[in-house]
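We number each residue from 1, following the sequence as shown. Whatever order the structure lists ligands and atoms in, that order sets their numbers, starting from 1. Heavy atoms only: backbone and side chains are in, while hydrogens, waters and symmetry mates are out. Bear in mind the structure is a predicted one, so any value in this text is a computation, not a measurement.
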Amino acid sequence: KARNAHEPEFLQAVQEVAETVLPYIAQHEIYNGKNILLRMVEPERAIMFRVSWVDDNGEIHVNRGYRIQMNSAIGPYKGGLRFHPSVNISILKFLAFEQVFKNSLTTLPMGGGKGGSDFDPKGKSDAEIMRFCHNFMSELFRHIGSNTDVPAGDIGVGAREIGFLFGMYRKIRNEFTGVLTGKGLSWGGSLIRPEATGYGTVYFAQSMLETKGDSFEGKIVAVSGAGNVAQYATEKAIHLGAKVVTLSDSSGYIYDKDGIDADKLKFVMHLKNEKRGRISEYADKYPSAVFHEGKTPWHEKCDIALPCATQNELHGDDAKALIDNGCICVSEGANMPCTPEAITAFHEAEIFFAPGKASNAGGVATSGLEMTQNSLRYYWTRDEVDNKLQQIMKDIHEKCVEYGKEENGYVNYVKGANIAGFVKVADAMLAQGVV
Ligand code: NDP
């Protein structure tokens with residue numbers, strides 16, 4: 001704790017894992033006394049670098065770039081890049097640490113990493129984004145590779161940014177390899193990758209509901225965020241017969257009493273992905289909707305909540321409001337969106353709660369499938385990838401139940417995901433010795 005005293009998000013993520021994994025270690029001779037968790041919390045490598053770039057007016061700016069290479073015991077480092085002004089070492093270490101467990105859960109051979117920059121893409125022109133990405137990659141390239149470390153997108157890094165990053169990597173290295181995932185379809189990308197995190201979050205929730213013979217059909221769903229994960233979680237929930245009533249961004253949320261249907265979602269995708277506008281414009285366009293400035297959607301009545309924006313966006317009082325309003329299922333699309341107080345409230349109320357490292361693992365799993373296709377120099381169809389994604393989410397759900405079922409039958413998915421993720425990485429680290 002003392003060593004990482006100024007890293008609150010990282011400590012929060014480690015604390016949650018330690019609470020569930022330490023008792024397990026104590027009960028299992030092969031892990032006990034090996035300081036295995038202590039080794040896991042220290043990144044194998046943390047890289048920090050300068051990114052200078054020139055804006056459209058010729059002014060020079062300096063941002064900070066990072067790559068945290070957390071653990072490569074079971075495969076090359078894998079994890080997204082985040083461009084957001086809040087990015088710092090604590091946030092990236094928390095994300096990289098979570099990624100290790102998540103990637104292990106996918107059953108695919110991927111270690112964990114995360115990176116990014118405190119660069120703010122909001123309000124920047126395409127040319128400025130391109131110059132930033134090119135300069136970012138002109139340093140990052142020496143630390144990554146298709147067998148070493150394979151970054152992907154995250155907040156602020158979507159298809160456009162991955163394109164610019166890949167272009168520079170290809171130029172400097174003079175090779176075309178699967179060094180990034182989330183690529184465009186015509187240059188090495190995989191079908192279903194854009195949809196995968198949001199779809200996977202809903203598939204996971206569906207698996208949880210099925211344990212009680214329930215489904216999405218006819219349910220009211222509250223979604224936060226309006227980015228990649230939120231858009232496709234909404235799309236899949238609609239497909240499964242639910243009514244999605246909210247979306248949000250950092251300025252507030254919209255509530256649409258009639259539900260967000262496929263046409264309205266198309267408008268949101270255009271608004272957010274092409275126009276790069278604000279979610280408040282949804283309420284200008286559709287009179288059935290109201291925009292609530294500066295608020296999150298958790299006090300609206302819903303059966304299922306899918307937090308898909310960012311860390312610590314759903315607090316203890318929000319959890320209480322959700323439970324009081326009859327919510328039966330929360331599946332995290334974002335990373336660590338629910339605070340520890342919120343998670344405790346869900347567990348005490350014994351409603352379904354899925355932690356992001358299990359429920360949003362569909363994104364990185366499909367990135368793993370993109371890596372496989374790149375290695376094979378082959379493409380799978382949309383159905384092939386979607387079927388593999390669904391199977392992986394089912395397998396992760398089963399693992400969580402196996403390790404997380406309490407004596408009274410309630411499944412603590414946090415405990416299940418942490419222990420299942422831990423076991424595979426710990427076994428690999430033990431087999432490879434102290435390195
Ligand atoms: P996007 O950049 O596409 O969208 C992020 C959304 O969250 C935007 O609506 C954004 O609003 C909102 N948001 C960001 N920061 C804040 C904040 N501080 N307060 C309130 N709202 C905020 O990112 P993604 O959809 O890719 O990522 C969302 C979450 O999902 C993140 O936690 C990410 O780590 C996680 N995730 C993503 C994966 C992926 O495949 N993309 C995989 C696994 C997890 P605004 O536009 O106003 O900034």
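A salt bridge does not link Glu195 to Lys236: none of the charged side-chain nitrogens sits closer than 4.0 Å to a carboxylate oxygen. Between Lys183 and Glu370 there is a salt bridge, since at least one side-chain N of the basic residue sits less than 4.0 Å from a carboxylate O of the acidic one. The residues Arg39 and Glu42 are annotated as not salt-bridged, no charged nitrogen and carboxylate oxygen being separated by less than 4.0 angstrom.
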Inventory of protein N or O atoms under 3.5 Å from ligand 1 N or O:
| from | atom 1 | to | atom 2 | distance (Å) |
| --- | --- | --- | --- | --- |
| ligand 1 | 2 (O) | Gly156 | N | 3.0 |
| ligand 1 | 3 (O) | Asn228 | N | 2.9 |
| ligand 1 | 9 (O) | Ala226 | N | 3.0 |
| ligand 1 | 11 (O) | Ser250 | N | 3.4 |
| ligand 1 | 25 (O) | Asn228 | N | 3.2 |
| ligand 1 | 25 (O) | Val229 | N | 3.0 |
| ligand 1 | 32 (O) | Asn335 | N | 3.1 |
| ligand 1 | 34 (O) | Arg82 | NH2 | 2.9 |
| ligand 1 | 34 (O) | Asp154 | OD1 | 2.6 |
| ligand 1 | 34 (O) | Asp154 | OD2 | 3.4 |
| ligand 1 | 34 (O) | Asn335 | ND2 | 2.8 |
| ligand 1 | 40 (O) | Arg193 | NH1 | 3.4 |
| ligand 1 | 40 (O) | Arg193 | NH2 | 3.0 |
| ligand 1 | 40 (O) | Thr197 | OG1 | 2.7 |
| ligand 1 | 47 (O) | Ser250 | N | 2.9 |
| ligand 1 | 47 (O) | Ser250 | OG | 2.4 |
| ligand 1 | 47 (O) | Arg278 | NH1 | 3.3 |
| ligand 1 | 47 (O) | Arg278 | NH2 | 2.7 |
| ligand 1 | 48 (O) | Lys122 | NZ | 3.1 |

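Asn147 is linked by a side chain to side chain contact (heavy atoms under 4.5 Å, CB included) to nothing, counting only residues two or more places apart in sequence or in another chain.
Of the N and O atoms on the side chains of Arg45 and Ser72, not one donor lies less than 3.5 Å from an acceptor on the other residue.
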Could you check Asp386 against Arg382 for salt bridge (charged side-chain N to carboxylate O under 4.0 Å, His left out), going step by step and ending with a plain yes or no? CA-CA 6 Å; Asp386 196 17; Arg382 197 181 155 84; over 6 Å; no
